[in-house]
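The structure displayed is predicted, hence computed values, not measured ones. These numbers come from the heavy atoms of this one structure, side chains and all, not from hydrogens, waters or symmetry mates.
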Amino acid sequence: MYKAIVFAGTTEGYALCRFLSENGTGVYACVATEYGSRSVEENSCLKIRAARLSEEEMEALFEEIRPEIVLDATHPYAAEVTENIRNACANTNMAYRRVLRDEGGRQDHAVYVDSPEEAVQYLEGTTGNILLTTGSKELGKFTALTGFKERVFARVLSLPSVMTACASYGLEGKHLIGMQGPFSVEMNVATMRQYDCRYLVTKDSGKAGGFPEKADAAFACGAELVIIGRPLKEEGISLEECKQMLAERFGIPYGEKPVPEAHELRDIRVESAGRSHVTLLGIGMGSRETLTIEGQKALERANLLIGARRMVDSVKLPHHQTFYEYRSEVIADYIASHPEFKNVVIALSGDVGFYSGAKKLLDLLGEETDVICGISSVAYFMAKARLSWDDAKIVSAHGRNCNLVSLIRHHRKVFAILGTTDGVAKLAKKLTDYGMGEVILHVGENLSYENEKIFAAPARELAEYEGDALSVVCAYHEQAVPVPATHGIADCEFIRGKAPMTKEEVRTVSLAKLKLQEDSVCYDVGAGTGSVSIEMALRAHQGMVYAVEKKEEAAALLFENKRKFAVDNLEIIRGTAPEALEALPVPTHAFIGGSSGNLKEILDVLLKKNLHVRIVINCITLETISEALGAIREFAFDETDVVQLSAARAKVLGRYHMMMGENPIYIITCQKTKKED
């Protein structure tokens, strides 16, 4: 019944068991402990035996089952076990193959170093607690490790002289574990979990030195094994070579397709019927502690784990095959090209519905893809900071423009995902420059990791702060000013000089005619004091406004009003149109309040940049009206609108109110809405 016996205990071994059983080939799996048996599930084609077998017991098993082949996929440091398997196969005339892990692979959470010094060098680039089991004689060499007293938990003999020597290195209290071996797997597991150890440092001391029990414990805890001393050089075949050999021997369909480069990608849709079962998993902040129980179960079932390296490494289990990738199209193509993986998990940071790649993946992978939510950074951080988030404005500034300064000015509480080491400093400096230095910034870095950092300080104190790129911030602005619901900021609110200003009533109608969106890119040509620019920037708060002004006095007023209203998405361009427009980004809208006789040339540049740009022109003189109407005819705008607006304001004279007329204004709107042939 069983055509193959697989000695597992490694990622490769479990992968072979699943490969054979899922393709209807009977396989008998031998694992050393019950911890190993949890990495695969028995089924009609797969039998699991959890026990350490002697050479004689192996021979008896081979004679009983009479498999066609025996696969040795044990750990590369299990030299004694490999020798027993080889001898048992030779004595029973069984076909034998040694399966080796890929060069440089660390799927089994193991890394080899030549010396304690090299172990220190490797651990220096890591975070997390360390269980050190190399004895007291080597302890002094590990004092060179940064954070030695906080990170290292040393297990040594419980002799007074040993304890005294260890204390001289500064290691004492709970960081010094005095115990006499031998230690079982269960004892090692309990110790590692008690002190939340992510690394176990040991020598390959063989069975007598309790090495297998240490290795199995690290396996069970998902910790990385740091082994001082290189494994013996062996001859064998790789996992993929073994799969190919088994496919040919047992008639299993199998083939590899290369992962395409980005320029080779096509529109891929993964068919779910009879193919891989795919789960999009929100892994929380990154540590295992923020995984949901449902997420943990999905990881235990998976045989392939995909995602960005940081995310995959934080949740992978010893039995996982891994594929480091974040591009949706590449992921979809890889799954389609590797049908041998029947249970695939794609790890996504935080929650799948919070600035996640899940949306695009669902489009590519199909409706039958499972989705498991995770803990989002906003929920985690705000709880840690003891802040509610139901009344917060929530955005991401990671790789995108969200105009944080404006949002903070108008909202009491703003949560944002950052993405650079100087993200907090840049935000703090801008807030200070805009007169909001007292805004409290709650900062969170490396959420859920050992080096998690959460603190709060006024923005003015953080202008030089350098933190971690994995960061979030919640700005608390007690004096936030709600953004007006409509156009029409009172004229008296603007800082004014001798520069002309578009009055409130005219500004309101003109902006209504523009029909701005929140992400519009706007030009204000002849911006003057900047009243239109300011209102544009407030409306298009996720876009940009370019205020073009040739007069220095007016440009200075523009800058003052920009600072007063904290419109960080307003850029002041000193120069004369149309030349000043040439280098600007493509506009969606343009307001022309002053053209200096260059109206036709300005319209020509606007239309060359965007044929469908929406334009509003304010005209005071009859000559400008004539010029504008002539240009509209010449450029063949198919949507035009002309409004003449006369407004008067009451002036108090004694006990009377006398209406004082403002200059009449012509508001001309034009746009090409039809598509060209």
Side-chain angles (χ1 to χ4, degrees), residues 403 405-406 433-434 487 489-504 506-511 513-514 516 520-541 543-610 613-621 623-624 627-628 631 663 665-668:
N403 193 11
V405 171
S406 180
D433 290 343
Y434 283 114
H487 304 298
I489 298 174
D491 290 345
C492 61
E493 292 294 321
F494 294 96
I495 300 171
R496 299 182 62 180
K498 295 181 180 180
M501 184 178 79
T502 303
K503 300 298 192 298
E504 180 180 339
V506 177
R507 189 168 65 248
T508 299
V509 175
S510 298
L511 289 167
K513 295 292 185 180
L514 268 175
L516 297 175
S520 296
V521 177
C522 318
Y523 293 176
D524 181 3
V525 181
T529 304
S531 62
V532 174
S533 298
I534 297 298
E535 294 227 44
M536 277 181 166
L538 291 173
R539 294 285 154 243
H541 56 85
M544 279 297 296
V545 176
Y546 297 92
V548 180
E549 177 55 54
K550 65 180 181 179
K551 296 180 180 178
E552 288 297 326
E553 181 183 358
L557 287 171
L558 265 166
F559 179 81
E560 290 185 50
N561 280 311
K562 173 184 176 177
R563 185 176 183 279
K564 176 179 178 179
F565 289 92
V567 282
D568 194 47
N569 59 326
L570 169 62
E571 185 173 336
I572 301 166
I573 308 297
R574 291 178 170 85
T576 302
E579 292 80 11
L581 309 180
E582 294 287 353
L584 299 182
V586 175
T588 58
H589 299 76
F591 174 79
I592 303 175
S595 61
S596 300
N598 298 324
L599 182 58
K600 180 180 175 181
E601 291 78 5
I602 293 170
L603 292 175
D604 185 52
V605 170
L606 291 174
L607 291 171
K608 284 179 179 177
K609 283 177 169 286
N610 178 7
V613 62
R614 188 170 182 83
I615 304 166
V616 170
I617 308 167
N618 278 189
C619 304
I620 297 178
T621 68
E623 287 76 12
T624 305
E627 183 184 6
N663 290 328
I665 299 289
Y666 288 85
I667 301 172
I668 301 175

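Interatomic distance, Thr529 OG1 to Glu560 CD, rounded to the nearest 0.5 Å: 10.5 Å. Here the CG-CD1 distance, from Leu511 to Ile667, works out to 9.5 Å after rounding to the nearest 0.5 Å. Rounded to the nearest 0.5 angstrom, Ile495 CD1 and Phe559 CZ are separated by 10.5 Å. The distance from atom NZ of Lys513 to atom CD1 of Ile668, rounded to the nearest 0.5 Å, is 12.0 Å. How far CD of Glu601 is from OG of Ser596: 11.5 Å, rounded to the nearest 0.5 Å. Residue Ile615 holds its CD1 atom at 5.0 Å from CG of Leu603, rounded to the nearest 0.5 Å.
For NZ of Lys564, the number of neighbouring non-hydrogen atoms (other residues, nucleotides, ligands) closer than 6.0 Å is greater than 12. Other residues, nucleotides and ligands place no more than 12 heavy atoms under 6.0 Å from the CD1 atom of Ile620. Within 6.0 Å of CZ on Phe494 lie more than 12 heavy atoms contributed by other residues, nucleotides or ligands.
Residue Ile573 comes nearest to Ala580 through the heavy atom pair CG2-O, 4.0 Å, listed as atom of the first residue, atom of the second, then distance. Shown here for Glu549 and Leu558, the closest heavy-atom pair between the two residues is CB-CD1, 3.9 Å. Shortest non-hydrogen contact noted between Ala566 and Val405 is O-CG1, 3.9 Å. Heavy-atom minimum distance, Val545 versus Ser533: CG1-O, 4.0 Å. Residues Ala537 and Asn569 share a closest heavy-atom pair of O-ND2, 3.2 Å. Between Ala577 and Asn598 the shortest heavy-atom distance is O-ND2, 3.2 Å.
Ring-plane geometry between Tyr546 and Tyr523 is classed as perpendicular, the angle between the planes exceeding 60 degrees on a 0 to 90 degree scale with a lower cut at 30.
Remark: side-chain polar atoms of Glu571 are not paired, donor with acceptor, to backbone N or O of Met544 under 3.5 angstrom. Arg563 contributes a side-chain N or O that, together with a main-chain N or O of Asp433, makes up a donor-acceptor pair within less than 3.5 Å. Under the 3.5 Å distance criterion, the side-chain polar atoms of Ser531 are matched with a main-chain donor or acceptor of Thr502. Under the 3.5 Å distance criterion, the side-chain polar atoms of Lys609 are matched with a main-chain donor or acceptor of Leu584.
Partners of Thr624 by side chain to side chain donor-acceptor pair (under 3.5 Å), not counting sequence neighbours, listed by chain and number: Thr621.
In this structure the side chain of Ser406 never reaches within 4.5 angstrom of the side chain of Asp568, judged on heavy atoms. Proximity of Leu538 to Val567: side-chain heavy atoms (C-beta onward) are separated by under 4.5 Å at one or more points. Residues Asn610 and Leu606 are not in side-chain contact: their nearest non-hydrogen atoms beyond the backbone lie 4.5 Å or more apart.
Ionic pairing of Arg496 and Asp491 is not present here: no N-O contact between side-chain nitrogen and carboxylate oxygen is shorter than 4.0 angstrom. Using a cut-off of 4.0 Å between Lys/Arg side-chain N and Asp/Glu carboxylate O, Lys600 and Glu627 are scored as not salt-bridged.
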side-chain contact (heavy atoms from CB on, under 4.5 Å) assessment of Leu514 paired with Arg539: CA-CA 11 Å; Leu514 268 175; Arg539 294 285 154 243; over 6 Å; no
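Side-chain N/O atoms of Asn618 and Ser510 include a donor and acceptor closer than 3.5 Å.
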